[in-house]
Every structure is written in C-alpha cells, then in structure tokens.
2 protein chains.
Amino acid sequence: MSVTIKDVARQANTSIATVSKVMHGSYSISKETADRVNQVMEELGYHPNQRARNFVSKSNKTIAFVTDIDKEAGFKNPHMFEMMCGMEAMLSQKGYGFLVKGLTKSDVCDYVKNAFETKYVDGFVIHASVITPQLSDLVSSKGIPHLVIGVPSFDNNFCWIDADNKHAGQVAAKHLLTVGYRTVAFIGGTDEDKISMHRLEGVLSILNEHDVLIPSNYLQYGNSGVEDGYAMTLQILKGASRPEAIICANNYLAYGCVKALQDKKIKIPEEIGVITFDDYPFSQILNPKLTVVNIDVYDMGQEAGSMIVQKIKKPNLHIQSYITYPQVIVRESTK
Amino acid sequence: MSVTIKDVARQANTSIATVSKVMHGSYSISKETADRVNQVMEELGYHPNQRARNFVSKSNKTIAFVTDIDKEAGFKNPHMFEMMCGMEAMLSQKGYGFLVKGLTKSDVCDYVKNAFETKYVDGFVIHASVITPQLSDLVSSKGIPHLVIGVPSFDNNFCWIDADNKHAGQVAAKHLLTVGYRTVAFIGGTDEDKISMHRLEGVLSILNEHDVLIPSNYLQYGNSGVEDGYAMTLQILKGASRPEAIICANNYLAYGCVKALQDKKIKIPEEIGVITFDDYPFSQILNPKLTVVNIDVYDMGQEAGSMIVQKIKKPNLHIQSYITYPQVIVRESTK
DNA sequence: CTGAAAGCGCTAACAT
DNA sequence: ATGTTAGCGCTTTCAG
C-alpha cells in the first residue's frame with residue numbers, strides 16, 4: 001500500500017488535519033510544523049491519493065473532449081489535433097486531466113448524459129461535428145458544463161466558440177491592399193463550405209470599404225481539390241482584366257492556383273500575389289513559399305480549456321462568440 | 001445533491017448493501033427485492049457515483065497516453081494522432097477511458113510515478129520520444145503497467161511495440177523489382193534518423209538478395225527537407241549510370257526528388273520510378289501521385305490499446321516486438 | 001495554531 | 001437472502 005496522509009501525520013507527529021492544511025497552504029499553520037510536515041512528505045515519498053480527493057471534493061478534475069474520430073482523422077484534420085494540444089496544455093496547467101472520447105453523432109447524447117450523471121468527468125468540450133438539437137436540450141436542461149468548438153448551424157443553447165473566419169478574411173484583404181495590390185480575386189469552396197464563405201465575407205467587407213471593384217469572374221467557387229484551384233485560377237485569368245492578387249480559401253486551392261499561375265508563366269508575387277489561410281507545413285514547402293493568414297488553433301484550444309474550467313466554476317456563464325488570433329505570416333507569394 | 005445509494009435503500013426498504021448487490025448482479029438476492037430496487041433506482045433516477053466507485057475499487061478504468069506535444073504537433077506529426085485514434089477506439093471498446101497527457105522527457109518519471117501511486121490511472125502508453133533509462137527502471141521496479149510506442153534506443157526493460165520499418169523497406173524494394181525496375185537508388189535522412197535507416201536496411205537486404213548492384217552515388221543521406229531531396233536526387237543523376245527507380249525515405253524527400261526529376265525533364269515513372277513511405281494526403285496531391293508503402297498506424301494504435309489492457313490483467317506479460325501492416329498503394333509514380 | 005471527528009458514496013467482509 | 005459495519009484517504013467544520 002502506498003503512503004497515506006495518516007503515515008505522514010504519524011511520522012510528523014501531528015494530525016491528519018494539519019497535514020491536509022499544509023498541503024493546501026493554510027495560513028494558520030506555524031512555519032515550523034509546515035516545514036516539518038513538508039519534510040516528512042518528502043522523506044516518505046507521499047503523494048495524495050487523487051481518487052480520494054476526487055471523491056471528497058466531488059470533482060474528477062478531468063474534462064472530456066468528445067468528437068468524431070475515424071481513421072485518417074490524424075491526416076485529414078490536423079487542425080483539430082493542434083487545437084487538442086492547446087487544450088491539453090491549458091487543462092494540465094489548471095490541474096485538469098484531458099480525456100478524449102471518439103463518438104458518432106448518434107451516441108453523444110447518451111454518453112454525455114451518463115458521464116455527467118455518474119460524475120465521470122467535470123465537463124465536456126464537444127466538437128461541433130457531433131452536436132445535435134437534442135444534445136443542446138440535454139445540456140441546457142441539466143446544466144451540464146460544456147463548450148462547443150465550432151458554430152452550431154441550428155438554434156441552440158450551447159456555449160460555443162469558433163475561429164473568426166470572417167475576421168481572418170478581412171485581415172487577408174487588408175494585407176493585400178496594404179502592400180499595394182489594387183485588385184483582388186477570390187477562389188473558394190462551395191456554398192456548404194462555411195469556413196470558405198466566412199472568409200469571403202470578410203474579404204468582401206474590406207474590398208467594399210475600400211471601393212475596390214470586383215468583376216464577376218474574380219469570384220470563383222468550387223470543390224477544394226488542387227485541380228479545382230487550378231481550374232478556378234484559369235477561369236479568372238480568362239477574364240478581360242487580371243487581378244493583381246488572388247486570395248485562396250485554403251491550402252489545396254492555393255496549391256492549384258500557384259500551379260496554374262506558373263504554367264501560365266505568371267510571376268508570383270510580381271505579377272500576381274497569392275495569399276491563403278492556415279499555416280500548414282505545406283505552405284512552407286511550396287515554391288514560392290506561401291503568405292498565409294494563420295489562425296492559431298493551438299491558442300484557441302488553450303482558450304477552450306480555460307473557458308471550460310471557468311464554466312465549471314461559474315455555471316451560469318454563457319459564451320457564444322468568435323475568437324481568433326489571425327496573424328499574417330508574410331512569405332514569398334506576396335510583395 | 002444527487003440521489004445516492006442510501007436514498008435508494010431507504011425508498012426500497014432495504015439496506016445499501018442489498019442495493020449494491022443488485023447493482024452487481026449478486027445471485028444471493030431474491031428476484032422480488034432485486035426488481036423493487038431496480039424500479040426505485042429508475043424512479044429516483046439513480047446513477048452510482050463513479051468517483052466513489054473509483055475510490056473504493058482503486059481503479060479508474062482509464063489509461064494515460066503520455067507523449068510530448070508542443071505547438072505544431074498536429075501538423076508535424078499526424079502519425080501520432082492517427083495512432084491515438086486507433087488506440088482510443090480500442091480502449092473505448094474495452095471500457096477504458098483514454099487520457100492524454102503532454103509532458104517533456106524530464107517530467108515523465110515524476111508524472112508516471114505519481115499517477116501510478118495515486119492510482120490516477122490504471123496503465124500507461126508512453127511515446128518513445130519521452131522515455132529515459134530512469135523511466136525504464138521505474139516501471140520495471142514498481143511493476144507499472146505500460147507499453148511504449150517506438151523502439152527504445154538504449155538497454156531497457158520496457159514493453160514496447162513499433163512499426164517495422166525494415167520490413168516496410170523490404171516491401172518497397174520488392175515492389176520495385178516486381179514491377180520491373182532493375183536498379184534502384186535510395187535517398188534518406190541522416191544517421192540519427194532511425195526510421196530512415198531501418199527502411200534503408202530493409203531495402204538493402206532485398207537488393208542484396210537479388211544481387212542488384214548499388215553504385216555508391218545511389219545512396220544519399222542528408223536532412224529531410226524538400227531541398228535536401230532535390231539536391232540528393234541531383235547527386236544521383238550526376239553519376240555515370242542512372243538508376244531506374246528511387247526510394248525516398250519520406251514524403252518531403254520524395255517531393256524534392258520529384259521536383260528535381262521534373263526539372264531535368266526526366267519522365268516519371270517511365271524513365272525513373274519513385275516510391276516513398278506513409279500515405280500522407282501529400283502523396284495524393286503531388287503530380288504524379290506518389291506510390292507509397294503505407295504503414296497502418298491506426299491499426300497499430302488499436303493493437304497498443306488492446307495490449308495495454310492485457311498487460312493490466314497479466315502484469316508479467318512481456319512484449320518487445322515490431323508489428324506492422326505495410327501495404328503498397330500503387331499510384332502514378334511507379335510503373 | 002492544532003486536533004478530533006464527521007462525513008463523502010460506495011464496496012465487501014462478516015453477521016444474522 | 002439481507003443487513004451491519006468497517007473502512008477507502010481525504011477535506012472541513014468545530015472545538016480547544
């Protein structure tokens with residue numbers, strides 16, 4: 001059996017209450033006894049039993065991150081993992097454990113309900129990919145501490161945070177204008193691609209603000225494959241006038257765009273500048289290296305970690321907001 | 001306060017012991033009382049407090065995955081996350097929770113010791129990037145249930161599993177020979193890059209077996225950047241005779257290699273075939289799409305999950321082995 | 001400043 | 001078949 005608080009108390013010639021107090025840094029303990037107790041703890045190699053603590057304090061000090069993870073997730077969704085890393089770091093720092101649970105949409109309700117009722121964990125961070133209206137009802141009716149990552153696409157009572165892609169779009173457009181590009185085109189995903197749409201929204205808001213005209217062929221939508229980026233860029237090039245810069249809604253599109261430009265012997269960044277979003281290793285490998293507006297998802301994860309513990313402490317705290325730390329990383333694809 | 005076992009007992013007119021027994025399906029309970037108790041539990045919406053259970057049963061039913069995760073890990077190390085996904089899935093299936101803990105090498109010992117002693121978790125899966133000889137001593141002296149992912153590079157008592165990169169190298173070489181390439185070159189990482197070295201080892205074993213001669217310039221080592229792959233390929237091309245195929249130790253190298261070949265107007269796969277390892281999305285984006293030898297790390301994760309729970313049940317089980325599921329995915333860069 | 005004692009909710013001997 | 005009871009290791013009043 002491992003050493004317990006009793007052993008420490010006996011050895012230090014005090015009561016367990018005193019030992020407990022020194023562990024919690026109570027002021028009402030004389031320096032001598034505190035020192036003595038600390039020393040004994042050291043000698044005995046005492047470690048408080050976390051389970052006992054969890055039990056009496058009615059908290060596990062752990063939060064569950066629930067999301068859908070299937071095969072290939074590691075490769076297809078590096079963002080999510082990056083975010084998880086930030087979250088883990090913050091939770092660790094705050095003394096919380098980070099439990100990850102992969103679930104399909106249909107199983108989430110049951111899991112959350114049970115995990116909450118059995119007090120298996122203290123709170124939940126839930127990826128927007130697995131939320132449902134029923135889950136919203138559940139968490140709000142039971143007051144389950146939670147935080148959703150990603151904007152829900154339906155009416156809800158969730159607390160959520162998301163990256164502000166509109167803002168990121170604004171930052172991209174602003175940067176282009178600032179460094180001297182006068183006309184800009186945009187290639188993005190389909191209507192369903194909310195991220196792309198939000199980025200476009202931001203871009204347009206800035207362009208309008210600066211009275212930059214946008215010929216219709218400057219706006220291209222399609223799938224997000226490399227070849228789609230290639231084709232859309234060609235479409236843009238076909239028009240009467242060429243834009244001075246192109247904003248690509250994501251890295252794949254940007255790769256296709258760069259290829260098309262190079263095939264047409266158009267110099268980047270002199271003749272046309274290219275900017276995209278998210279700092280995948282990818283962007284640094286391409287030639288030219290891509291200028292990107294990066295959203296620090298690690299930071300967002302940290303924020304999420306910090307928020308969920310706040311929520312646990314103040315259950316009536318209600319957060320529904322976009323947060324973001326967009327930052328432009330200037331590389332070779334823009335002047 | 002939520003309803004406890006006492007409430008159930010009172011309401012059902014029995015003792016808490018009886019309630020506990022019906023929950024655990026004890027045979028020595030009459031059907032009537034069992035039914036009654038179950039009904040009361042239902043009525044009251046009773047859920048056993050998991051924390052109390054953990055406390056008395058001295059087990060959390062959770063295993064911790066400890067690794068070093070810093071910023072960018074999500075982008076730089078998709079493999080690890082893919083592996084984690086497989087592990088999570090398996091552990092979930094076996095009724096275990098999956099806790100992830102990011103730690104630096106210097107902190108791992110303390111953490112593991114403490115987490116074990118405080119019974120915070122039941123077992124550990126540890127990434128080889130954070131293991132030390134001290135940790136080996138610790139886990140073996142205390143009999144801590146663990147499994148390390150990756151071969152340790154020092155004498156140790158760990159249980160470990162790893163991907164068999166040598167085997168993967170053999171598979172790559174064999175495939176090349178099979179489809180008709182007669183001479184093959186290899187570009188890989190530095191001496192310290194064990195993965196690259198093991199892959200090379202496998203390649204050479206097959207080449208020797210088939211009496212394929214390897215001029216010294218066919219073997220190139222360097223860093224693993226795209227530009228390194230480019231430069232090494234050029235080195236190879238400088239030689240008196242050209243190889244018919246090139247094996248690239250990783251994706252970045254492969255990208256540089258392809259670029260160099262294309263700049264030299266060498267046709268892939270007709271004049272020179274290219275093969276690499278690991279099925280990053282990357283490989284499918286390049287033009288031509290890359291033929292790869294893939295190692296299914298998700299499967300490996302599942303294996304790891306399954307092994308650690310075995311270890312918990314049978315502590316004297318000792319595993320030190322390479323496991324792997326290499327599979328060649330033929331795409332455009334080889335005939 | 002320190003200690004005694006009462007739980008927290010559950011399991012598991014041990015009685016009955 | 002069921003109930004009594006003694007913990008598990010810790011926190012936290014409440015006295016001293």
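Throughout, protein chains are lettered first and strands after them, A, B, ... in sequence-line order, and every chain is numbered starting at 1. For the numbers below, each heavy atom of this structure counts, side chains included, while hydrogens, waters and symmetry mates do not.
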Sugar-phosphate only, base, or nothing, as touched by B/S30 at under 4.0 Å among non-hydrogen atoms: sugar-phosphate
Residues forming a side chain to side chain donor-acceptor pair (under 3.5 Å) with A/S30, sequence neighbours excluded: A/T33
Any residue of residues 32-44 of chain A with a heavy atom less than 4.0 Å from an atom of DNA chain C: A/T33
Partners passing side chain to side chain contact (heavy atoms under 4.5 Å, CB included) against B/E72 (at least two apart in sequence or in another chain): B/K76
A/R10 CZ to D/dG9 P, straight-line distance once rounded to whole Å: 12 Å
A/S153: partners by side chain to side chain donor-acceptor pair (under 3.5 Å), with sequence neighbours left out: none
Residue pairs passing the ring pair (Phe, Tyr, Trp, His ring centres under 6.0 Å) test where at least one lies in residues 75-113 of chain B, sequence neighbours excluded: A/F75-B/H79, A/H79-B/F75, A/F81-B/F81, A/Y280-B/F75, B/H79-B/Y280
What pairs of donor and acceptor atoms, side-chain ones from residues 12-19 of chain A against any protein atom, are under 3.5 angstrom apart with sequence neighbours left out?
{"residue": "A/S15", "atom": "OG", "partner": "A/A17", "partner atom": "N", "Å": "3.4"}
{"residue": "A/S15", "atom": "OG", "partner": "A/T18", "partner atom": "N", "Å": "3.3"}
{"residue": "A/S15", "atom": "OG", "partner": "A/T18", "partner atom": "OG1", "Å": "3.1"}

Option from B/R36, B/E42, B/E43 for which side chain to side chain donor-acceptor pair (under 3.5 Å) with B/Q39 holds: B/E43
Qualifying ring pair (Phe, Tyr, Trp, His ring centres under 6.0 Å) pairs with a residue from residues 116-136 of chain A, counting only residues at least two apart or across chains: none
Short side-chain N/O contact to D/dT2 OP1/OP2 from B/T18, under 4.0 Å: no
Partner set under side chain to side chain contact (heavy atoms under 4.5 Å, CB included) for A/P152, not counting sequence neighbours: A/I131, A/N156, A/F158, A/W160
Side chain to side chain donor-acceptor pair (under 3.5 Å) against A/S141, all qualifying residues, sequence neighbours excluded: none
Value in whole Å for how far the P atom of C/dG9 lies from CG of B/D7: 9 Å
Residues in side chain to side chain donor-acceptor pair (under 3.5 Å) contact with A/K101, at least two apart in sequence or another chain: B/S92
Reading 5' to 3' through nucleotides 10-16 of chain C, protein heavy-atom contacts under 4.0 Å coded B for base, S for sugar-phosphate only, - for none: BBB----
Helix axis bend for the helix from C/dC1-D/dG16 to C/dT16-D/dA1 - C1'-based end axes, five pairs, 10° rounding: 40°
